[in-house]
Amino acid sequence: LDKWDRLDRSGRDQAVGRFQSNGAPLTSSPHEQAAEFDEPDFEAKTSTGFTVIPEFSHMARARPVEAGERIFRRAYNYQGPPVGDELSESGLIFVSYQADVERQFVPIQRRLDELDLLNEWTTPIGSAVFALPPGCAEGGFIGDTLLT
Ligand code: HEM
C-alpha cells in the first residue's frame, strides 16, 4: 500500500473503475448524486474516445461476463506492523463463495491475471479452497441435503 498511497485519487479511481469516495461507477454523474449501486456503463466514452471506465480497471476485468459466473465476495483487511523500510504491512484476505470453483472463480481470476491495473499494487501470497456443505431450512441441519 505504500506505492498505492503515492498514487493520486483519480489514478486510484481509474485503477478500480469506481470513485473511491463513495464506490459509485465512474460513469455515474453528477458525482455528488452518484451511488455505489448505480449500474456502470462500460460503453460510455470520454471526449477523447477512451471508455470512461478503463478497460484495464479491476471492475471492468472482474465483472462476470455471464450470470453463472457470479460469486459472493467478502473481503477482510489486515494491518500488520511495518517491516523494514515499508510503511505498511497491509493486505486483503479475499474470500469468495461459489458452487463451482472451475466454472465461476477461475475464469475471473484468469482475466485478472491477463490484465488488471490493480495488479500493479497487489502481491498474491497464498490461496486455499475449502468445501462447505449447503445450508439448511429451519428444523434441518447443515449439510442435510447431502447426508439424508
Ligand atoms: C488485493 C486484492 C483485491 C482488491 C484490493 C480488490 C478490490 C476491489 C474493489 C475496490 C472493488 C470495487 C468495489 C466492489 O465491488 O467491492 C472490487 C470489485 C470486484 N472484485 Fe476485487 N479486489 C481484489 C481481488 C479480487 C479477486 C482475487 C477477485 C476474483 C478472482 C476479485 C473479483 C472482484 C469482482 C467480481 C468485483 C465486482 C466487479 C463488479 O461487478 O463491479 N477481486 N475489487
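Computation of the quantities below employed the complete heavy-atom set of this structure, encompassing side-chain atoms and omitting hydrogens, waters and symmetry-equivalent molecules. First listed ligand is number 1; within each ligand, the first listed atom is number 1. Nothing here was measured: the structure is a model prediction, and the numbers come from that model.
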Atoms of ligand 1 close to [X] [distance to a heavy atom under 4.0 angstrom, numbered from 1]:
{"X": "Leu92", "answer": "1 (C), 2 (C), 3 (C), 4 (C), 5 (C)"}
{"X": "Leu112", "answer": "26 (C), 28 (C), 29 (C), 30 (C), 31 (C)"}
{"X": "Thr122", "answer": "1 (C)"}
{"X": "Ile108", "answer": "29 (C), 30 (C)"}
{"X": "Met59", "answer": "39 (C), 41 (O)"}
{"X": "Val16", "answer": "10 (C), 12 (C)"}
{"X": "Arg63", "answer": "39 (C), 40 (O), 41 (O)"}

**Asked** So, for Lys3 and Glu120, which heavy atoms are closest and what is the spacing to 0.1 Å?
**Response** NZ-O, 4.3 Å
Nearest protein heavy-atom contact for [atom]: which residue, which atom, what distance?
{"atom": "atom 16 (O) of ligand 1", "answer": "Arg73 NH1, 3.1 Å"}
{"atom": "atom 12 (C) of ligand 1", "answer": "Arg18 CD, 3.7 Å"}
{"atom": "atom 32 (C) of ligand 1", "answer": "Ala62 CB, 3.8 Å"}
{"atom": "atom 30 (C) of ligand 1", "answer": "Phe105 CE1, 3.4 Å"}
{"atom": "atom 17 (C) of ligand 1", "answer": "His58 CD2, 3.3 Å"}
{"atom": "atom 28 (C) of ligand 1", "answer": "Phe94 CZ, 3.2 Å"}

**Prompt:** Should the pair Glu55-Arg111 be classified as a salt bridge under the 4.0 Å nitrogen-to-oxygen rule?
**Reply:** no
**Message:** My understanding is that only one of Asp13, Asp41, Thr51 makes a side chain to side chain contact (heavy atoms under 4.5 Å, CB included) with Leu26; could you say which?
**Reply:** Asp13
**Message:** I need the single residue from Ile108, Val101, Val95 that forms a side chain to side chain contact (heavy atoms under 4.5 Å, CB included) with Ile71. Which is it?
**Reply:** Ile108
**Prompt:** Closer than 4.0 angstrom: is that true for some heavy atom of Arg70 and an atom of ligand 1?
**Reply:** no
Could you tell me whether a side-chain N or O of [X] sits under 3.5 Å from a main-chain N or O of [Y], the two making a donor and an acceptor?
{"X": "Arg61", "Y": "Leu115", "result": "yes"}
{"X": "Gln104", "Y": "Asp100", "result": "yes"}
{"X": "Arg103", "Y": "Gly68", "result": "yes"}

**Prompt:** Quick one: which of Leu118, Asp113, Ile53, Asn119 has a heavy atom closest to atom 7 (C) of ligand 1?
**Reply:** Leu118
**Message:** Under 3.5 Å, is there a donor on one side chain and an acceptor on the other for Asp38 and Ser28?
**Reply:** yes
**Request:** Find out if a path of hydrophobic residues (ILVMFWY) with successive side-chain heavy-atom gaps under 4.5 Å connects Leu132 to Leu147.
**Result:** no
**Request:** Kindly compute the distance separating OG (Ser90) from CH2 (Trp4), expressed to the nearest 0.5 Å.
**Result:** 12.5 Å
